[in-house]
Participant: 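Please read through the structure below; I'll follow up with questions.
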Amino acid sequence: MDLNFSVEDVAFREEVRTFLASSLPDYLCAKMIKRLHLTKDETVHWQRILNARGWATPSWPVDCGGQSWSPSQRYIFQEEMALAHAPETQPFNVNMIGPILAKFGTDEQKAKFLRSTANLDIWWCQGFSEPGAGSDLASLKTSAVRDGNHYLINGQKIWTTQAQNADWMFALVRTDSSGRKQEGISFLLIDMTTHGITVRPIETIDGGHDANEVFFDDVRVPTANLIGEEGKGWTYAKHLLGNERSGIARIGLSKERLKQLRSLEHELSASGQLDERETVGLKRKLAEVEVQLRALELTQLRVVSADAHGANAGAAASILKIKGTELQQRMTELVLELAGPEGLALAVDDHTDGSGGWQNPAAQFYFTMRKVSIFGGSNEIQKNIIAKTMLGL
Amino acid sequence: MDLNFSVEDVAFREEVRTFLASSLPDYLCAKMIKRLHLTKDETVHWQRILNARGWATPSWPVDCGGQSWSPSQRYIFQEEMALAHAPETQPFNVNMIGPILAKFGTDEQKAKFLRSTANLDIWWCQGFSEPGAGSDLASLKTSAVRDGNHYLINGQKIWTTQAQNADWMFALVRTDSSGRKQEGISFLLIDMTTHGITVRPIETIDGGHDANEVFFDDVRVPTANLIGEEGKGWTYAKHLLGNERSGIARIGLSKERLKQLRSLEHELSASGQLDERETVGLKRKLAEVEVQLRALELTQLRVVSADAHGANAGAAASILKIKGTELQQRMTELVLELAGPEGLALAVDDHTDGSGGWQNPAAQFYFTMRKVSIFGGSNEIQKNIIAKTMLGL
Amino acid sequence: MDFELSEEQRLLKDSVDRLIAKEYRFERRLDFLRRSEGWSRQTWQGFAEMGLLALPFAEEHGGFGSGGVETMLVMEAFGRGLVVEPYLSTVILAGGTIRHSGASGRMAETVERIIAGEHLMALAHNEKGGPRHSLEPQTRAKRSGACWTLTGSKIAVLHGATADELVVSATTDTGSALFLVPAEAEGISVSPQKGYDGVPLAEVTLEGVSVQTEFVLCEPGMGEKVLAHVIAEANAALCAEAVGIMGDVFDTTCEYLLTRTQFGVPIGSFQALQHQAADMLIELELSRSMAILAALSIDSEPPVRERNVSAAKAQIGRSGRLIGQRAIQLHGAIGITEEYKVGHSFKRLTAIDAMFGNADWHIDAIVEAGGLYTA
Amino acid sequence: MDFELSEEQRLLKDSVDRLIAKEYRFERRLDFLRRSEGWSRQTWQGFAEMGLLALPFAEEHGGFGSGGVETMLVMEAFGRGLVVEPYLSTVILAGGTIRHSGASGRMAETVERIIAGEHLMALAHNEKGGPRHSLEPQTRAKRSGACWTLTGSKIAVLHGATADELVVSATTDTGSALFLVPAEAEGISVSPQKGYDGVPLAEVTLEGVSVQTEFVLCEPGMGEKVLAHVIAEANAALCAEAVGIMGDVFDTTCEYLLTRTQFGVPIGSFQALQHQAADMLIELELSRSMAILAALSIDSEPPVRERNVSAAKAQIGRSGRLIGQRAIQLHGAIGITEEYKVGHSFKRLTAIDAMFGNADWHIDAIVEAGGLYTA
């Protein structure tokens with residue numbers, strides 16, 4: 001047992017750090033520190049810088065443009081990205097459809113999509129959730145009816161993140177409603193410019209417009225855009241879940257936020273805005289968070305180490321997801337507490353301009369983070385998974 | 001709306017206080033303060049003092065020896081009893097079988113049992129739980145087979161509190177196993193000296209011997225000892241649940257324990273055993289408990305007031321039970337924390353002698369109080385009840 | 001000891017509940033929020049006509065001389081509707097400073113205009129940089145002849161931008177005082193902000209604002225005492241509002257649990273969710289009890305009043321967070337959309353905890369006071 | 001970065017796990033508790049034969065020179081079995097003071113006898129009345145000639161009544177020191193107590209106990225440093241023990257959820273109970289991670305060592321309480337009976353939190369140290 005990273009890992013960390021120091025544009029770093037939303041162009045710009053270095057899609061198979069990194073290297077990369085305030089890569093492209101294409105795509109599909117997906121020449125969104133199918137995803141109803149060498153799509157998706165920016169959607173659609181509900185689902189790639197698609201934005205309580213409804217009205221999709229076999233879509237989608245365990249707890253991000261909290265604590269107690277008693281109280285809260293974060297970090301590292309030794313971590317992904325999101329949420333609570341009455345006012349235009357103090361986006365950030373325990377399999381669903389793993393019921 | 005008690009209530013409180021000051025024996029008060037177990041004789045002694053005043057069984061119907069007190073008077077009586085460190089009356093006699101006899105007993109049964117039950121001339125225990133029937137009480141199996149003017153009882157009860165001291169048991173037994181499980185249950189009074197009854201003590205983690213197993217081996221019980229109708233036992237038993245809402249949260253007891261915590265806090269911080277930071281931390285914990293206790297106290301008073309106005313409080317009993325037990329448990333945690341390493345050692349003979357410090361019984365008291373969220377319908381069962389009340393599912 | 005409402009109180013409750021249910025449906029509120037002022041003057045007139053603006057003021061000034069319970073009933077209804085009109089700022093806060101300063105001749109007229117719905121006010125007491133929720137303002141007031149000159153800046157002034165007149169706290173050489181400052185006074189600048197809960201706010205800067213002595217609302221040295229009383233009343237009012245919100249959130253959540261189906265059954269049939277909902281009800285009932293305590297305590301002597309109000313605000317801060325977060329979680333994605341009421345309720349509960357001391361701040365206040373049960 | 005055990009470590013783990021599973025079944029433990037000493041000398045000999053008593057001692061003294069990981073493996077197994085033998089007191093605590101004081105000639109012999117299972121020791125450092133967990137004893141040591149005279153009293157001395165020799169902390173004119181005191185020394189009185197977790201304790205009074213200078217284990221001024229290191233090791237060991245207990249409790253609870261039926265189904269099919277069990281697993285895994293951190297930190301420099309061990313002890317204190325309480329609750333009445341193991345595990349978890357600083361105490365220690373992540 002050894003908590004220290006290997007010489008190779010340390011060298012790798014240095015390499016990542018050097019690259020980020022020289023390649024991450026200052027203006028992006030500044031926006032990230034202020035928790036401002038990036039525009040589509042900014043995300044694209046950064047991902048192309050990473051892709052030029054070969055690091056936009058490290059978890060993909062090497063022959064598809066990935067890196068043969070060890071689990072600990074992946075962990076280091078993610079941590080350094082977060083600590084340097086680097087934006088994350090576009091998750092639907094990099095973590096979702098890329099690996100699916102690499103594993104289940106035809107040669108034609110790979111040739112058509114992989115390079116442009118990595119380079120963010122095309123922007124993907126994910127069409128899974130429907131109004132009646134949230135946690136019970138398999139009950140989705142959007143229908144795809146075969147019509148020659150096309151599918152005719154009718155129905156509705158909801159909570160489609162970034163659909164307004166998307167060129168393509170990967171979607172689960174129902175091609176058969178006769179048998180078990182999981183068995184009639186297919187996995188389809190849909191060009192968002194196709195006739196009959198309407199995107200309607202959903203405003204969320206944090207003031208953002210990331211979520212959308214997407215309506216399909218007799219949308220024609222070539223059968224060549226089917227991933228794998230018809231009716232096997234559920235299997236492919238499930239492949240994504242628990243696929244990426246090394247980053248699920250978002251330790252790096254939380255560490256970086258903890259640093260911010262520490263510096264706010266210094267600032268507020270030094271300036272007398274918190275009296276001594278409040279300062280002690282706050283320091284205790286921070287220490288509590290630190291202990292939990294350290295425990296989660298080590299748990300994450302244990303999973304990384306077990307992966308490196310080829311072991312299977314069972315309920316690990318769910319544990320990391322639950323505790324990771326709880327800590328992320330806890331930290332936004334603390335920032336908001338620190339903001340006090342100054343945090344009541346919204347910044348004038350919070351998503352593009354960072355002229356206000358740190359207090360003004362505190363509430364929005366708190367509201368935004370409520371979703372992390374809902375999306376990607378709610379924490380209740382994660383507990384069901386843990387219970388199933390351990391009780392088999 | 002008025003938080004103040006009426007002039008009559010204030011006078012009543014004074015009457016109770018005066019009575020307790022003059023009638024509660026000093027040695028009992030001292031034992032209660034030290035949280036020592038009372039012997040059977042001590043409990044009997046005190047209950048007879050109360051009974052002589054007519055106050056052992058105030059909630060019984062007036063013609064059965066009760067008092068026509070208002071809900072607020074009952075509340076005041078319970079609170080003053082707790083604040084004066086008076087022992088509680090024997091609960092199985094006073095809160096359980098007494099009201100059952102009064103409501104469902106025959107004239108013969110009332111004549112035979114009521115006076116001696118109030119005066120603790122006979123000591124009752126409750127035979128409900130069985131090894132396979134805990135939260136699912138209705139699945140009980142102890143059988144009562146009719147044989148002329150007797151029932152023949154076979155089976156086993158468990159967790160029977162104070163069975164070792166009991167002269168009589170009121171028990172739920174199965175007289176029919178053909179229909180719905182609730183419908184074949186009868187309510188029977190059993191003389192504990194009857195041939196075929198074996199009582200085996202169960203030691204609990206607090207070192208106590210209050211719980212027992214009771215085995216029935218062809219025990220003959222006269223049919224005259226049946227309460228009400230055969231097969232209606234479940235209805236009578238359910239009548240007991242939520243029957244006594246005015247004392248369920250045990251506010252008085254918790255207030256008295258809070259006082260003890262406050263005085264320990266003063267003692268430990270004055271003597272330098274807690275440094276300033278620890279003292280502030282402890283004071284915060286106490287303030288948190290106080291806020292919750294005050295909220296619970298007022299909720300209890302709202303229920304009392306609603307009862308006085310003839311309203312029905314719905315899920316109130318469950319809310320009071322859950323929060324009341326949580327607070328009782330929380331306070332024992334705090335006492336144990338305060339005891340520190342000194343609390344590791346048990347008192348030499350904790351149940352009879354109070355020569356040790358307050359630290360030594362702290363752990364036992366903490367362990368003892370784990371049961372309050374289990375017995376009398378576990379807090380999970382209480383939440384089921386609340387959910388049923390509000391969702392109707 | 002009695003928790004029943006009087007006949008008059010019941011009538012008040014029924015009519016304000018009806019008003020909110022009828023006039024303040026969620027869609028209308030969304031519409032109000034989109035307007036430039038962010039609220040509805042028509043609704044405000046409705047409050048005036050119903051007499052709600054007159055409640056706490058003395059009968060001699062045209063008010064009803066009502067107490068904490070009446071305010072509680074109104075605020076609870078306002079909570080259910082998520083009312084954004086300037087009731088707290090005009091009637092409770094600024095109006096409270098007038099009431100507790102002992103309204104004299106000039107003030108009587110102001111009160112009359114408040115009651116008529118013709119005069120909006122705001123309390124400017126929050127400041128940046130100093131200790132949180134301090135009652136000793138950094139804003140300075142200097143006397144010269146028949147005038148005071150005020151210099152300083154205020155933040156988080158509720159409904160500050162639409163107020164006709166501001167009550168400004170400032171420190172003089174002989175202690176803190178409260179001043180009435182017309183919104184259009186020279187040297188004052190008011191910059192409007194949007195609160196995340198929908199309630200408009202403002203930052204107010206005073207650069208040598210001149211105030212005649214007759215506009216001294218509260219003499220030097222008395223400002224802190226009056227402010228403490230008014231803030232206690234505001235906290236009691238916010239507790240009641242929070243209970244209204246929590247009750248509404250709880251009802252909505254139960255309804256959602258019964259109607260939303262997943263895996264072929266209503267999600268309310270899942271025991272883990274049932275128990276979460278049960279926890280919400282427990283917190284709601286405890287909060288309701290404490291809001292009543294706060295309402296019944298605001299006319300008590302300061303130590304009792306402060307302790308009880310702090311206890312209520314602490315309880316409500318904790319419960320509000322739990323209920324708000326649980327409601328969002330139980331709703332799932334729909335809970336965080338701007339089109340759905342629960343998210344707005346969650347935001348307002350968050351703001352209520354942040355105003356006039358959050359839960360931890362009030363726990364510390366109780367510690368400072370030597371405990372809650374200390375007689 | 002690697003969390004895998006070495007081959008030797010795996011062998012050690014397998015053999016101690018097997019030993020406990022075979023020799024330390026719950027019924028046997030209950031039998032040990034009923035004996036007058038409260039534990040089994042035969043089992044102790046078994047530990048000696050397996051070499052467990054030799055683990056942390058230097059090879060030159062007949063030990064294996066093992067580190068924190070080996071101790072962790074042993075203590076985790078001991079946790080599963082709820083071992084009551086004096087391993088912590090003799091090997092970790094008293095043994096640790098010898099190791100960190102730099103064992104000289106005389107000590108080498110003592111270590112050999114410890115390793116052989118022939119010599120039992122205890123650390124007497126807890127005192128009544130002073131600040132909690134202070135390393136500055138009130139017990140005084142005065143020098144006169146070739147002798148020191150010790151006066152004072154100690155509480156909560158683990159396995160103090162069966163120890164052949166005590167390590168006593170005392171303050172001299174030039175700082176604190178540690179002294180070796182034979183149990184039968186004149187002026188010493190040892191009164192045995194029963195710990196609620198089954199571990200025997202003692203109160204020790206020293207009235208002018210005379211100690212030759214050669215029995216000074218740790219020179220004046222060095223006592224605090226040695227004691228701090230030993231207590232960090234003890235806390236790391238207790239964390240590992242707690243993880244063993246929690247793992248066992250968790251397994252037992254899962255099994256109970258699957259076998260206990262109510263309402264015609266296993267109670268593990270109730271979602272609310274499933275989620276409680278899931279919470280337990282989360283706490284268990286976080287605790288395991290922190291026990292590893294503590295084990296790997298005990299040879300680090302003091303600031304890192306203290307911070308990491310405090311973090312581990314805080315985590316384990318919180319998790320131990322949650323897991324213990326939940327396990328009891330999920331078991332219902334059977335969980336609080338003395339005949340069932342879970343209640344005993346709960347008591348031991350409670351005691352572990354109370355020893356050498358509970359969770360809150362260690363959170364404060366982290367605050368004092370300026371935070372956990374401070375590099």
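Since the model is a prediction, treat every value here as computed from it, not as a measurement. Below, chain A is the first sequence line, B the second, and so on; all start at residue 1.
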Participant: side-chain contact (heavy atoms from CB on, under 4.5 Å) between D:Met290 and A:Arg294: does it pass, once the steps are laid out?
Facilitator: CA-CA 8 Å; D:Met290 293 307 265; A:Arg294 192 81 173 104; 4.1 Å; yes

Participant: Against chain A, label D:Asp279 side chain, backbone, both or neither, depending on which of its atoms sit under 4.5 Å from a heavy atom there.
Facilitator: side chain

Participant: I'd like to know if A:Glu88 pairs up with A:Arg250 as an ion pair, taking the criterion as any Lys NZ or Arg NE/NH1/NH2 lying under 4.0 Å from an Asp or Glu carboxylate oxygen.
Facilitator: yes

Participant: Just give me the residue among A:Asp9, A:Leu3, A:Asn4 that pairs up with chain D most often, heavy atom to heavy atom, under 4.5 Å.
Facilitator: A:Leu3

Participant: Within the side chain of A:Ser305, is there an N or O that forms a donor-acceptor pair under 3.5 Å with the backbone of A:Leu301?
Facilitator: no

Participant: Check this for me, if you would: do D:Arg99 and D:Glu233 make a salt bridge, where the nitrogen-to-carboxylate-oxygen distance has to be below 4.0 angstrom?
Facilitator: yes

Participant: Let me know if D:Leu273 has heavy atoms under 4.5 Å from chain A in its side chain, its backbone, both or neither.
Facilitator: neither

Participant: Verify whether one side chain among A:Asn379 and A:Thr325 offers a donor that lies under 3.5 Å from an acceptor in the other.
Facilitator: yes

Participant: Identify which part of A:Ile386 has an atom lying under 4.5 Å from any heavy atom of chain D, answering side chain, backbone, both or neither.
Facilitator: side chain

Participant: Using non-hydrogen atoms and a 4.5 Å limit, figure out which bit of D:Leu258 sits close to chain A: side chain, backbone, both or neither.
Facilitator: side chain

Participant: Relative to chain D, which segment of A:Lys255 carries a heavy atom at a distance below 4.5 Å: side chain, backbone, both, or neither?
Facilitator: side chain

Participant: Sort out for me which residue in A:Lys259, A:Glu297, A:Arg262 forms a side chain to side chain donor-acceptor pair (under 3.5 Å) with D:Tyr373.
Facilitator: A:Glu297

Participant: Any idea how A:Trp55 and A:Phe12 line up, ring-wise: parallel (<30°), tilted (30 to 60°), or perpendicular (>60°)?
Facilitator: tilted

Participant: Counting only non-hydrogen atoms closer than 4.5 Å, does D:Arg318 touch chain A with its backbone (N, CA, C, O), its side chain (CB onward), both, or neither?
Facilitator: side chain

Participant: Please work out whether the ring planes of A:Phe5 and A:Tyr75 are parallel, tilted or perpendicular, with thresholds of 30° and 60°.
Facilitator: parallel

Participant: Is A:Arg302 close to D:Glu285 at the side-chain level, that is, under 4.5 Å between some pair of heavy atoms?
Facilitator: yes

Participant: Which residue out of A:Ile322, A:Asn384, A:Leu296 racks up the most heavy-atom pairs below 4.5 Å with chain D?
Facilitator: A:Asn384

Participant: Please state whether the side chain, the backbone, both or neither of D:Leu296 comes within less than 4.5 Å of a heavy atom of chain A.
Facilitator: side chain

Participant: Measure the shortest side-chain to side-chain distance between D:Phe270 and D:Leu257 over non-hydrogen atoms and say whether it is less than 4.5 angstrom.
Facilitator: no

Participant: What part of D:Met280 lies closer than 4.5 angstrom to a heavy atom of chain A: side chain, backbone, both or neither?
Facilitator: neither

Participant: Looking at D:Ser310, D:Ala312, D:Cys254, D:Gly67, which makes the most heavy-atom pairs under 4.5 Å with chain A?
Facilitator: D:Cys254

Participant: Checking D:Gln9 against chain A: side chain, backbone, both or neither under 4.5 Å from a heavy atom?
Facilitator: side chain

Participant: Against chain D, label A:Glu380 side chain, backbone, both or neither, depending on which of its atoms sit under 4.5 Å from a heavy atom there.
Facilitator: both

Participant: Answer with side chain, backbone, both or neither: which region of A:Leu286 has an atom nearer than 4.5 Å to a non-hydrogen atom of chain D?
Facilitator: neither

Participant: Under 4.5 Å heavy-atom distance to chain D, tell me which part of A:Ile385 shows up: side chain, backbone, both or neither.
Facilitator: neither

Participant: Can you say whether A:Lys323 sits under 4.5 Å from chain D via the side chain, the backbone, both, or neither, judging by heavy atoms?
Facilitator: side chain

